[in-house]
Number of protein chains: 2
Amino acid sequence: MLRVTIKDVSREAGVSIKTVSRVLNNERYVGAETRARVQAAVAQLKFRPSLAARSLAGKRSFQIALICDNPSPYYVYEMQSGIRDRCVEEGVRMIAQPYDRDSATLIEDIENLVDATSVDGLILTPPVTDYAAVLELLERRGVRFVRVSPGGDVALTSSTFIDNEAAARLMTEHLIALGHRRIGIVRGHPDYATSAQRFAGYAAALEGAGIARDDTLVRAGRYDFASGSAAAEALLDLAAPPSAIFASSDDMAAGVLAAAHRRGIKVPEQLSVAGFDDTALASVVWPPLTTIRQPTRAMGYAAADLLLAGGDSPAERREVGYELVVRGSTGVVSPP
Amino acid sequence: MLRVTIKDVSREAGVSIKTVSRVLNNERYVGAETRARVQAAVAQLKFRPSLAARSLAGKRSFQIALICDNPSPYYVYEMQSGIRDRCVEEGVRMIAQPYDRDSATLIEDIENLVDATSVDGLILTPPVTDYAAVLELLERRGVRFVRVSPGGDVALTSSTFIDNEAAARLMTEHLIALGHRRIGIVRGHPDYATSAQRFAGYAAALEGAGIARDDTLVRAGRYDFASGSAAAEALLDLAAPPSAIFASSDDMAAGVLAAAHRRGIKVPEQLSVAGFDDTALASVVWPPLTTIRQPTRAMGYAAADLLLAGGDSPAERREVGYELVVRGSTGVVSPP
DNA sequence: TTGTAGGCGTTATCAC
DNA sequence: GTGATAACGCCTACAA
């Protein structure tokens, strides 16, 4: 397999190897004419630099990795797509590293990844985005990383996020405005900071409206269909069941809708259901659902953007807008 | 950042660099005691070889890529997970390359990937698995690749698949056995070989039962929710609507169920619905669904296995079993 | 069974 | 502005 190398290009263009390298890396101090000649030769020979060689000799590896452990394939897909979009623009590859959240070797795996591939950076999604051991490791090793939807310790590192609390509050206020007073909530997975954030928004809305919170209406969930379904069953079993249920994720909203459907409860006539981060499951399959649309793809794109930005640019928090989608009619709420 | 190199290990173990390398690559001709000493040193220093250096110097890059363009996030997720599982065992990284099917630069993108990363191989999923231009390119460049669910030209390259025709036939025969005579089908995306294979199974079952095929019951689809829903609407609008509908994918089955639901048609009392490759959408959200369970994850695992197997092992076709799931009760049908 | 020399394709350093 | 030359960390080929 005959590989085209810089050497070939340099010969073709009649310049030195180093000059070709300069053009490739967009360095200064290259004559306009020389640059053009080199670029022509590159195109002519279809030269594509070897990532391995670049990585070995230089400081960059032109690869980033996504550390993703999420129960929702839609979330993963959207996240990957967003990151991919930005990577393509930059000529960078994405290593997808799906992880088991329970893996006892998570730290070691990540360290392995970092050492073996010398990735230019990592993108962390919940819940790993808040694992102190991981953050500490990356910090110590001097590896760049961007956190998606982090909980605490937000000042130090770059991150992308939406204002989960404000969004959940908006959604809950919407339910209150519809006249609901007994609003149930299915919380997200306890390991995810977003769960607490969304619950806080729910609680704040109730408090703002002067509605005393009834903790029998607060149910634990795990961000998946099954837990949403089970929680809804429990809520609907109450002597005084809620008239509205706010599920902290789309999968759970689908579970709630399924439970209602099993009991012959009409949505939204007899029960209002609200969701979060609609993907395809709940909002498409069972349309009568009001939801917060979280731009997962945009968060991925932004995360990659932050990662690829500057070698030593300061930590930056980038907020992404969300939408409140009321039964299919959309109102843009907060694109910052 | 102080990198631990082979040199450090060799010093620690009191052997030459080459000997360490031999141990790392599981080569023969290393004394048991020497090997143990080296392994101890590796563990001691937490040595992790640089992929870049290995790739540059050797023949392998320890990276493979997944060329995936599929409308179903579940499919992508399962596929990636299966491949990942096998890669982890082998210490290989996976580069995820989601592609736009319509991309005019697909060929160039893949060539780019191959040249830049020197991946040890590629895994192609439908519909790219049947793109002649891509296959020709890889063949010409001498790059190993494995096709998932290919259509034609199957003899030359390794592939993993299920017997889509037999599965669809089984499913259709099941519907016939239930007494159905007017069975509608929503075909898959025309670019996917699996669409034709599943339709062939449907047709064969009808013919085997001596039922004349009514082409008004055959509808085009695109493997997604919307097309399944639209096709079902059309079928249910017929003067003589079908009593059963076979959707060629899970997303489309969900669409069919949604359409039935909108019209207040009870499933399965008034309409039987059958699906294929249940993921979470149709079969979980709307349980009364009989379906063929395609082991996407297993196909991914098998594909990676074939790819990582031997450097010059011959092409091998690996069939994976499927299950017919009848309303939740499972009968294993064909694990080869 | 083990060790030595050379090179993989690129970037970094330092002259010119 | 441009060009030699030395790394980068490992594997291949060959020698011992």
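This is a predicted model, so every value here is computed, not measured. Hydrogens, waters and symmetry mates are skipped; everything else that's a heavy atom, side chains included, is used.
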Describe the nucleic acid contact of Ile17(A) in one word from base, sugar-phosphate, nothing, applying a heavy-atom distance below 4.0 Å. base

Want to settle it: does Lys7(A) or Val30(B) sit nearer the 5' end of DNA chain C, counting the closest nucleotide to each? Val30(B)

Just checking Tyr74(B) against Tyr74(A), ring centres under 6.0 Å apart? yes

Using the benzene-type ring in the case of Trp, are the ring centres of Tyr192(B) and Tyr223(B) under 6.0 Å apart? yes

Are the charged groups of [X] and [Y] less than 4.0 angstrom apart, N to O?
X: Asp85(B); Y: Arg297(B); result: yes
X: Arg141(A); Y: Glu139(A); result: no
X: Arg318(A); Y: Asp305(A); result: yes

Rounded distance (Å) that lies between atom [atom2] of [N] and atom [atom1] of [X]:
X: Leu56(A); N: dC8(D); atom1: CG; atom2: C1'; value: 4 Å
X: Leu24(B); N: dC11(D); atom1: CG; atom2: P; value: 6 Å
X: Asn25(B); N: dT12(D); atom1: CG; atom2: P; value: 7 Å
X: Arg28(B); N: dC11(D); atom1: CZ; atom2: P; value: 17 Å

First-last contacting nucleotides on DNA chain C - partner chain B, under 4.0 angstrom, heavy atom: dT1(C) to dG9(C)

Could you check Leu124(A) against Leu66(A) for side-chain contact (heavy atoms from CB on, under 4.5 Å), going step by step and ending with a plain yes or no? CA-CA 6 Å; Leu124(A) 309 178; Leu66(A) 168 66; over 6 Å; no

Would you name the heavy atoms of Thr194(B) and Ser149(B) that are closest together and state the gap between them? CG2-CB, 3.9 Å

Write down the atom of Leu306(A), the atom of Ser158(A), and the distance for their closest heavy-atom approach. CD1-CB, 4.1 Å

Assess the side chains of Tyr301(A) and Ser81(A): does a donor N or O sit below 3.5 Å from an acceptor N or O? no

Summary of side chain to side chain donor-acceptor pair (under 3.5 Å) pairs that have at least one residue in residues 118-133 of chain B, sequence neighbours excluded: Ser61(B)-Asp120(B), Asp130(B)-Arg147(B)

Could you tell me whether the phosphate oxygens of dC11(D), OP1 or OP2, come under 4.0 Å of any side-chain nitrogen or oxygen in Ser21(B)? yes

For residues 34-55 of chain A, which residues have at least one heavy atom under 4.0 Å from DNA chain D? Thr34(A)

Estimated bend of the helix from dT1(C)-dA16(D) to dC16(C)-dG1(D) (axis per five terminal pairs, rounded to 10 degrees): 30°

Residues 27-39 of chain B side chain polar contacts: donor-acceptor under 3.5 Å, at least two apart:
residue: Arg35(B); atom: NH2; partner: Glu27(B); partner atom: O; Å: 2.9
residue: Arg37(B); atom: NH1; partner: Ala13(B); partner atom: O; Å: 2.6

Centre of Phe62(B)'s six-membered ring, under 6.0 Å away, within 45 degrees of the axis: is that where NZ or CZ of Arg54(B) sits? yes

For nucleotides 13-16 of chain D, list the nitrogen or oxygen atoms of the protein found under 3.5 Å from its nitrogen or oxygen atoms, one pair per line.
none

Does a sphere of radius 6.0 Å around CD in Glu89(A) hold more than 12 heavy atoms from other residues, nucleotides or ligands, not counting ones at 6.0 Å or beyond? yes

